[in-house]
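Down below is the structure, laid out as structure tokens.
Residue numbering restarts at 1 for every chain, and letters A, B, ... go by the order of the sequence lines. Computed from a prediction, not measured in an experiment: that's the story for all the values here.
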Amino acid sequence: MARIRLESVGKRYPNGFVALEELSLEIADREFVVLLGPSGCGKSTTLNLIAGLEDVTAGSLYFDSTLMNVVPAHKRDVAMVFQSYALYPHKSVYENIAFGLRMRGHPRAEIESRVKDAARSLEIEPLLERRPHQLSGGQRQRVALGRALVRQPAAFLMDEPLSNLDAALRIAMRAEIKKLHHTMRTTFVYVTHDQAEALTLADRIVVMREGVIQQIGSPEEIYDRPRNTFVASFLGNPPINYLEGTLAADGARFVRGGLSLALPPELSKKIGAENGRQVRLGIRAEDVDPRGTGETLQGRISSVLPVGSDQFLGVEVEGTTLFFRVGRELRAAEGENVALSVNMNRAQIFDSSSGASLLWK
Amino acid sequence: MKGLGRNVLLFTASALFLVYVLAPVAWLVSSSVQQEAEITSRPPHWIPRQPTLENFEAIFQAKEKKVTYETRRAGDPATGGYIPSTARDLVPSMWNSLIVAVSVVVLNLLVAVPAAYAMAKIRYIGRSTSIYFMLTTRVIPDIALVVPFFLFIRTFGLLDHLGSLVITYLAITIPFSVFILVGYFESLPDELDKAARVDGCSRLQTLLRVYVPLAMPSLVAVVLFTFLTSWNEFLLALMFTQTPASQTMPIVVASFASDFTISFSFINAAGVLAVVPPVLMAVVFERYIVSGLTAGAVKG
Amino acid sequence: MSIRAGALRGVFGAPVSRYDQASALWLLAPMLAVLLVVAVFPVLYSFWISLFDLRLTRPHRVPFVGLDNYLEVLQDELFWSSVWRTTSFTLMSVTAIMVIALAMALLLNEEFRGRRFLSAMLLVPWAIPYVANGLMWKWIYDSGYGALNGLLFQLDFIDKYMVWLGDSHKTLALIANAFVWKEVPLATILLLVGLKSIPADLYSAARVDGADLWRRFVHITLPALRPSFMLVMIYETMMAIRHFDLFFILTEGGPAEASHVLAWQVYVETFRKLSFGTGSALAYIMALVTFLLAFWLIRTLGRKL
């Protein structure tokens, strides 16, 4: 159980590559934090730094109030779960789970009872005598979890643990990991590039890009109040739609060509009155309604993709194609014109050049 | 289909292959069980008519038999020919070879395994420099090492001592061992390394408890390569050994060759004895040699 | 990517992990120590010796002669004829090794019953000590009762037994043959590894395109095999240049100087004439040549580990 604090942490490799720049982050005890970002954004590096597999090259890293900068991995009380599971191929499942306890010199009887408990809670008791190569992907994943949780570590680190599983299993395992977090009552740091995992698991999400934190917040905050276009684009399926245009009527209207949308007073208040300012309007795919009233977008349907419960519509509006998710009850065909009302209360406004949000700082 | 043609081709090629590889050795074995009279027949008896183990007996009994000018002139009744005065050194020299080879193997593992692990799995400053350094040392011809080694070894009083061979053989075997092991370690996943580290292993424990058990095939290959290189080495042993106290098998066997009075049947028996241990090892562990080399070479 | 000054401060060249840096050095230390003592030191010491007129026959007077030993070696006619003989021995051997090894590797790359047996037997010549190999071929080449004479006689290629190793026109080729026989297995295995790494898809694709066996060999196998072929060829070249054992066992440089190669000359200078100065200079020249060759190897193949 530990609070993890990173203060202006930097990571630069001997070849000059900068993986992290002045990263500051405080993870509360028993919190579930997800580091989210595309590959190469520094999220795995951050995890390695917390694990002690690599040194920070600038700033400080604390567990509670202990400075951990140069404490090597085997002297930190952390456990880790990997994408490839990284089970020891030459050891049985039992030995895999027991290994960490053994290395830390726990008595034999205690190890046995703890391994049995862990195996029971993960429902892998019958597999204890098997070797990793005799297990399915899902079973291996459970063993990997067992190996980490049996140690009852101060921090539980997970590096894309579900990426190698098939879609159905991944969703089931998400629920298990969430349950695990409740029962273990310890700090979880979870790295993923999958927004759905981040949104379902996290207490807080840290969105990263090229070694710099873009935004830290609860899943709702990250989704509803993105601080820039990168964060807004990274979450949502299909991704958020952008329309470039200008502000008019003292920040009360968004104008692009023939299209003019009224902004709700709460939003325009935040933007400030700057007529003619170049802005980017963001509309999430699900924030339209074919039957609603209010501000409407007119366009020609360019594609229709049914996705089971819903359908994705590609709509050409003022020279750009926007993608929306609407219910199946809308009978839409390619080439037809459509009018969709926009929930402007959920609209996002960004600065055109910097991509920074004008609504959320 | 073209199955028959392919089979005929493969069969012919295989036969040629086997003849090329085995015929010289088969002839060596065949002539080692022939008596002097038979071995000197023209044309040769490819298959011995009266196979005998007398030549081998002569080698193992050479210690008890006194070899003098007279017995040599008279010819040794055991072989029907001359046996050299150095014959008695053959069996002890094989012990010397064994001691040297085993020592080199053990030291090799102690030195090469940690180094290869560091090169393959740890990202440290100077990594590529150390790899190039290691590879270039193997490029030096053995013969260029001879003079400095000789003076060096003489200074330390190690001349005519097995220790001098052990040290010098390390120079020629370590780079190759490291090369094979680096290839193998690199083929094992990095995440195992991380897993072991967070499970509480220091670097050394990670190596001993995770990588060494997993690298068994290439460790066997390294042991074989090192053993055979040491067992077979000739040039350095020729320079650094002077008396039977330290002479290895190749030196004693070579000494037979320079003596024109020695019966070929005897030399051939000695040759067979020298050949049997390494060939048995190589054939029995064939799988490991090829796979050990493969991991190293594929990466390279 | 933008780099902020804060992240730059004092971190250039910092190791990925200080613990790792330290443990890597500890793990490497034994190897570095051994190689410094048994490889680096001798090479430097050897150069030092080559600057002196050191003769074991006259151990108390060792004058410094600078590069005179090198001049002496380079002006020696025997040196240049040895270079020539070494070159021709190397060319003969390496050509034969590559041809035979390629044929054997192609055979072993096929799937058929008995393949495993063949590859096990291939290791027989490889495992045999060079000394035993030398004795074996000396016996085969024997002018009185040797198998070569016997075989050729029985097949009516010759009508009387002939002198082989003693014939200065044949010596080098016969030694090369013994060398080739022992070197072929390793070359075959290394080439086989190269062959196995060619993706099977390439062959299927070529077959679909209608390429026959020969075209597949020329257009797929050979280009894909180039790196391992180069590696083996240069490795064997280095082995041939430095080879000593067979010359000692089979001919001792003879008859006359027919098999007097560089490695043999180093031996004669140092251990027969006991002139360590010129011997070292000679060895140094050899080492330098092989070194440059190896450097060329590393550059050409662009190896990275």
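Interface remark: of the candidates C/L250, C/I140, C/L44, C/I140 forms the most heavy-atom pairs closer than 4.5 Å to chain B. No other option in C/G150, C/P42, C/A283, C/A132 has as many heavy-atom pairs under 4.5 Å with chain B as C/P42. In terms of non-hydrogen atom pairs under 4.5 Å with chain B, the most contact-rich of C/A39, C/S17, C/P30, C/A24 is C/A24. Between chain B and the options C/L32, C/L123, C/L262, C/L288, the largest number of non-hydrogen pairs under 4.5 Å is found for C/L123. For chain C, the option among B/L280, B/L18, B/L151, B/V272 with the highest count of heavy-atom pairs below 4.5 Å is B/L151. Heavy-atom pairs under 4.5 Å with chain B peak, among C/F153, C/W126, C/Y161, at C/Y161. For chain C, the option among B/L238, B/I174, B/I172 with the highest count of heavy-atom pairs below 4.5 Å is B/L238. With chain B as the partner, the residue from C/P185, C/S119, C/G134 showing the most heavy-atom pairs under 4.5 Å is C/S119. Annotation: maximal heavy-atom pairing with chain C below 4.5 Å, among B/A118, B/G271, B/A270, occurs at B/A118. The choice from B/M239, B/E286, B/K121, B/M119 that makes the most heavy-atom pairs within less than 4.5 Å of chain C is B/E286.
Put simply, the side chain of B/W27 never gets that close to the backbone of C/W139: no donor and acceptor are under 3.5 Å apart. The main-chain N or O of B/P250 is never found under 3.5 Å from a side-chain atom of C/Y130 such that the two would form a donor-acceptor pair.
The minimum heavy-atom distance between C/A263 and B/I143, with the atom names listed, is O-CD1, 3.1 Å. The minimum heavy-atom distance between B/V21 and C/M104, with the atom names listed, is CG2-CE, 3.9 Å. Between C/A147 and B/W46, the shortest heavy-atom distance links the atoms O-CH2, 3.5 Å. Of all heavy-atom pairs between C/M31 and B/V111, the closest is CA-CG1, 3.3 Å. The minimum heavy-atom distance linking C/S23 with B/R203 is given by the pair OG-CG, 3.2 Å. In this structure, B/R6 and C/E111 approach most closely via the heavy-atom pair NH2-O, 3.3 Å.
Heavy-atom contacts from other residues, nucleotides or ligands closer than 6.0 Å to CZ of B/R287 number 12 or fewer.
Side-chain contact check for B/L28 versus C/L135: every heavy-atom pair is 4.5 Å or farther apart. B/S14 is listed as a side-chain neighbour of C/L118, based on a closest heavy-atom distance under 4.5 Å. Side-chain atoms of B/V147 and C/S46, non-hydrogen and from C-beta on, never get closer than 4.5 Å to each other. Side-chain atoms of B/V25 and C/W181, non-hydrogen and from C-beta on, do get closer than 4.5 Å to each other. Using a 4.5 Å heavy-atom threshold, the side chains of B/I122 and C/L27 count as touching. Here the side chains of B/V146 and C/V266 are not in contact, with every heavy-atom distance at 4.5 Å or above. Between B/R123 and C/D20, the closest side-chain pair of non-hydrogen atoms is not below 4.5 Å. Within the 4.5 Å cutoff, the side chain of B/Y124 has no heavy atoms near those of the C/V16 side chain.
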(request) Report the C-alpha distance between B/L204 and C/W26 in whole Å, list the side-chain angles of each, state the deciding distance to 0.1 Å, and finish with yes or no for side-chain contact (heavy atoms from CB on, under 4.5 Å). (result) CA-CA 10 Å; B/L204 190 62; C/W26 279 112; over 6 Å; no
(request) Might you work through the side-chain contact (heavy atoms from CB on, under 4.5 Å) test for C/K138 and B/I267, ending with a clear yes or no? (result) CA-CA 11 Å; C/K138 194 174 188 179; B/I267 294 181; over 6 Å; no
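Heavy-atom distances place the side chain of B/V178, and not its backbone, under 4.5 Å from chain C. Within the 4.5 angstrom heavy-atom criterion, only side-chain atoms of B/L228, from C-beta onward, approach chain C. With a threshold of 4.5 angstrom between heavy atoms, B/L235 approaches chain C through its backbone and through its side chain. Residue C/L54 touches chain B through its side chain alone, counting heavy-atom pairs closer than 4.5 Å. Only the side chain of C/V131 comes within contact range of chain B, with at least one heavy atom under 4.5 Å from a heavy atom of that chain. Contacts of C/W48 with chain B are absent, with no heavy-atom separation under 4.5 Å from either backbone or side chain. Proximity to chain B (any heavy atom under 4.5 Å) is restricted, for C/V34, to the side chain, taken from C-beta onward. Only the side chain of B/M249 comes within less than 4.5 Å of a heavy atom in chain C; its backbone stays farther off. The contact between C/V180 and chain B is made by backbone and side chain atoms together, counting heavy-atom distances below 4.5 Å. Interface residue C/I128: backbone and side-chain heavy atoms are both found under 4.5 Å from chain B. Proximity to chain C is limited to the side chain of B/F133, based on heavy atoms less than 4.5 angstrom apart. Interface residue B/A13: backbone and side-chain heavy atoms are both found under 4.5 Å from chain C. In this structure, no portion of B/T229 lies under 4.5 Å from any heavy atom of chain C. With a 4.5 Å cut-off on non-hydrogen atoms, C/S228 does not touch chain B at all. If you measure heavy-atom distances from C/L282 to chain B, you find no contacts under 4.5 Å at all. At a 4.5 Å heavy-atom cutoff, B/P277 makes no contact with chain C through either its backbone or its side chain. Of the atoms belonging to C/N149, not a single heavy atom falls under 4.5 Å from chain B.
To the nearest 0.5 Å, the span separating CG on B/L236 from CZ on C/F244 amounts to 10.0 Å. In this structure, CG on B/L16 lies 11.0 Å from CD1 on C/I100, to the nearest 0.5 angstrom. Considering CZ of C/R113 and CG of B/L10, their distance stands at 12.5 Å, rounded to 0.5 Å. We find the CE-OG distance between C/M136 and B/S32 to be 12.5 Å, quoted to the nearest 0.5 Å. Summarising the geometry, atom CE belonging to C/M121 is positioned 6.5 Å from atom CG belonging to B/L22; distances are rounded to the nearest 0.5 Å.
Aromatic ring pairs are classed by plane angle as parallel below 30°, tilted from 30° to 60° and perpendicular above 60°; the pair C/F271 and B/F150 is perpendicular.
In this structure, C/T237 has no side-chain hydrogen bond (donor to acceptor under 3.5 Å, both in side chains) partners at least two apart in sequence or on a different chain. Every residue two or more places apart in sequence or in another chain was checked for a side-chain hydrogen bond (donor to acceptor under 3.5 Å, both in side chains) with C/R115, and none qualifies.
Under the side-chain contact (heavy atoms from CB on, under 4.5 Å) test applied with C/P129, the options B/T248, B/V275, B/V279 reduce to a single match, B/V275.
Remark: aromatic rings of B/F149 and C/Y45 are distant, center separation not under 6.0 Å. The six-membered or imidazole ring of C/F112 lies away from that of B/F11, with a centre-to-centre distance of 6.0 Å or more.
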